[in-house]
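Input: a single structure, listed below in structure tokens.
Both backbone and side-chain heavy atoms feed into the values below; hydrogens, waters and symmetry mates do not. Sequence lines set the chain letters: A, B, ... in the order given, protein chains first and strands last, and positions in each chain run from 1.
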Number of protein chains: 2
Amino acid sequence: MTEATRRERLRAETEREIRQAARALLVESGRDAVTLRAIARKLGITAPALYRYYDSHDALLRQLCDDICADMATALHTNLAAETSGQVGCKVRAVCHAFRRWALAHPQEFALVFASPRDPIGADQFGAVFLQLAGPLIASNEDANHVDEEVPEVLHEDLVRFQQVLRDAVAEHGVTLADDVLNLGKIYHVVQSWVRLYGHVALEVFGRFPFAVSNPEPMFDSMLDQMLQEIGFTEVDR
Amino acid sequence: MTEATRRERLRAETEREIRQAARALLVESGRDAVTLRAIARKLGITAPALYRYYDSHDALLRQLCDDICADMATALHTNLAAETSGQVGCKVRAVCHAFRRWALAHPQEFALVFASPRDPIGADQFGAVFLQLAGPLIASNEDANHVDEEVPEVLHEDLVRFQQVLRDAVAEHGVTLADDVLNLGKIYHVVQSWVRLYGHVALEVFGRFPFAVSNPEPMFDSMLDQMLQEIGFTEVDR
DNA sequence: AACTCTTGTAAACACCGTTCACTAAAACCG
DNA sequence: CGGTTTTAGTGAACGGTGTTTACAAGAGTT
């Protein structure tokens, strides 16, 4: 039944416990508390033993980032699946809301994965997760009326590259798209939306709005309305 | 001539050197390198001596944040003063560009001040600096056509509070405003602009765009165009 | 049973923030 | 001036950290 040997099972189990302990420490006490010795204490072993599983403290943090991204991806997909309405706009809205909710519920994780300047840590994965969701959604929005001429020519090169990234993401779900479904105008608005979504959520999580916002959710909703309208989701019924 | 005693001068000088050393360490090797012992080494003293100047490592980091914010404020004001065109739109554009340039040139400082989840560290100061600049600029834009009815009612309460913050900021420059100059519609768009500005800059500094952007500046310009147009700066000549 | 590989330990090194007792010099004061 | 107080700095120490090294004990293999 179990393919793995006894030793492999034990090793996998220990590794699982390490990740779990690291995660708990991060959530409870922040990034600086994710210490090799603290993790080891939780497992009832000594710190050097952890080097049998990870090359360094840094590598362990990177693994932690991966786990977090994976969990977030799961949460977003779950929320998307729960939105059974056929309207694409509603699905996009659901994912955006889920992202905000996740970030607010997991501030330490959000901070770790997001806000490290250019570190190899958590690079790419995050945006990738989100846009793997966005790709199919945007692609399934047939009634957008953007044309490539809307977007400045200097951006074309980068947007075409991004177009390919999105197309690959959609392709992994087994769908290939006609050229005009993911036109540059749409792509451009997706990037703009990502900027606003990330901006709002980060400001809220980090508490960096320039004034005390007593009730940020309506502001988020309001932003989403405008975003969706710009992208071309005409149905505004929430 | 010099009001201060000899001892006070020496103390001030040492404190200056401490801040300078801390800043250099942050820039060179990141947040984790800003260590009491490392700072002390740079000054040729021992670590405990620093406790004559700061209560703790944390307090020193807070001071560092304050310094960074002050420096950024200076940089932004300088850039604003250099924009001698009378058009308000150009001034706003200049400040936004200056912000982006500063953040890209000082990624470690940006990360320290910005992206700590709810820490007392760097709280408020940052947004405050930026919007102390924005207040007068927005207020001086006479030809905006927003009306309060544009913004959802749920947001009124918060926006009115922010309105007061902006009014106070402008008042510190010795100007009092008529009620309709800073109406809620304008305020709302200022917040939206802050979201987008921060979102773009943070994504760029942290390298979290979902694809490799070879030339982000035109994208930033493009965003600014749209932003300014929404706020109501009709003059689009850059 | 003998051998190898794996997983853990204990000790050590260099670094960290922080505290405490202590010194030497500066500033103050009669 | 001489004595006293205030101050800036030291050195040793405590417990914490990441990491390396030598070593032990068990699991798996032949």
Side-chain angles (χ1 to χ4, degrees), chain A residues 1-26 28-65 108 112 116 119-121, chain B residues 1-26 28-65 108 112 116 119-121:
Chain A
M1 181 60 195
T2 54
E3 290 282 357
T5 70
R6 174 183 138 87
R7 196 130 73 177
E8 278 167 337
R9 267 185 295 110
L10 284 180
R11 183 179 179 84
E13 172 65 16
T14 305
E15 194 167 351
R16 216 187 48 81
E17 284 179 29
I18 292 175
R19 297 182 186 198
Q20 179 180 318
R23 187 66 161 278
L25 285 165
L26 175 67
E28 289 162 15
S29 319
R31 189 206 148 114
D32 292 349
V34 184
T35 263
L36 290 185
R37 285 185 153 92
I39 296 172
R41 267 193 300 271
K42 283 213 173 199
L43 300 210
I45 63 179
T46 60
L50 294 174
Y51 282 81
R52 302 288 174 191
Y53 299 86
Y54 296 96
D55 286 343
S56 68
H57 182 243
D58 228 56
L60 200 151
L61 276 192
R62 250 188 294 281
Q63 174 65 58
L64 184 53
C65 277
Q108 302 285 4
L112 177 65
S116 329
D119 272 344
I121 225 174
Chain B
M1 180 63 193
T2 53
E3 289 282 357
T5 70
R6 174 182 140 88
R7 194 130 75 178
E8 278 167 337
R9 268 185 295 111
L10 285 179
R11 184 182 179 82
E13 173 66 14
T14 304
E15 192 166 353
R16 215 186 48 82
E17 284 178 27
I18 293 175
R19 296 183 187 198
Q20 179 181 317
R23 187 67 160 279
L25 285 166
L26 175 66
E28 289 162 16
S29 320
R31 188 204 151 118
D32 291 349
V34 184
T35 263
L36 289 187
R37 285 186 152 95
I39 295 172
R41 267 194 299 271
K42 284 212 173 203
L43 300 209
I45 62 179
T46 60
L50 294 174
Y51 282 82
R52 301 287 173 189
Y53 298 86
Y54 296 95
D55 287 343
S56 69
H57 181 245
D58 229 54
L60 201 150
L61 275 192
R62 250 188 295 280
Q63 174 65 58
L64 185 53
C65 278
Q108 301 286 3
L112 176 65
S116 330
D119 272 345
I121 227 176

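Atom CD in A:Glu13 sits roughly 17 Å away from atom C1' in C:dG8 (whole-Å rounding). Rounded to whole Å, the distance from CD1 on A:Ile39 to P on D:dG16 is 16 Å. Nucleotide C:dC5 holds its C1' atom 12 Å from the CZ atom of A:Arg11, rounded to whole Å. Atom CD1 of B:Ile45 is separated from atom P of C:dA24 by 19 Å (rounded to the nearest Å). Distance A:Leu50 CG to D:dT17 P: 12 Å, rounded to the nearest Å.
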- Query: Going 5' to 3' along nucleotides 13-20 of chain C, which nucleotides have protein heavy atoms under 4.0 Å from the base (write B), which only from the sugar-phosphate (write S), and which from neither (write -)?
  - Reply: ---BBBBB

- Message: Generate the contact string for nucleotides 22-30 of chain D. Rules: B means base contact, S means sugar-phosphate contact only, - means no protein heavy atom under 4.0 Å.
- Response: ----BBS--

- Item | Criterion side-chain contact (heavy atoms from CB on, under 4.5 Å) on B:Tyr54 and B:Arg62, from CA distance to verdict | CA-CA 10 Å; B:Tyr54 296 95; B:Arg62 250 188 295 280; over 6 Å; no

- Show the numbers, then the answer: is there a side-chain contact (heavy atoms from CB on, under 4.5 Å) between B:Lys42 and B:Leu25? CA-CA 10 Å; B:Lys42 284 212 173 203; B:Leu25 285 166; 4.0 Å; yes

- When you look at A:Thr35 and A:Ile39, which way does the side-chain contact (heavy atoms from CB on, under 4.5 Å) test go after all the steps? CA-CA 6 Å; A:Thr35 263; A:Ile39 296 172; over 6 Å; no

- Query: Would A:Arg23 and A:Leu64 count as a side-chain contact (heavy atoms from CB on, under 4.5 Å) if you check the C-alpha gap in whole Å, the side-chain angles of each, and the deciding distance to 0.1 Å?
  - Reply: CA-CA 7 Å; A:Arg23 187 66 161 278; A:Leu64 184 53; 3.9 Å; yes

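For the atom pair OG1 of A:Thr14 and CG of A:Leu50, the computed distance is 10.0 Å after rounding to the nearest 0.5 Å. In this structure, CG in B:Leu36 is found 8.5 Å from CG in B:Leu61, a value given to the nearest 0.5 Å. B:Glu15 CD to B:Gln63 CD: the interatomic distance, rounded to the nearest 0.5 Å, is 6.5 Å. With rounding to the nearest 0.5 angstrom, the CZ atom of A:Arg11 is 9.5 Å from the CD atom of A:Glu8.
At a threshold of 4.0 angstrom between heavy atoms, the contacts of A:Tyr53 are confined to the sugar-phosphate backbone, with no base atom among them.
Look at B:Thr46 and you won't find any side-chain N or O under 4.0 angstrom from OP1 or OP2 of D:dG11.
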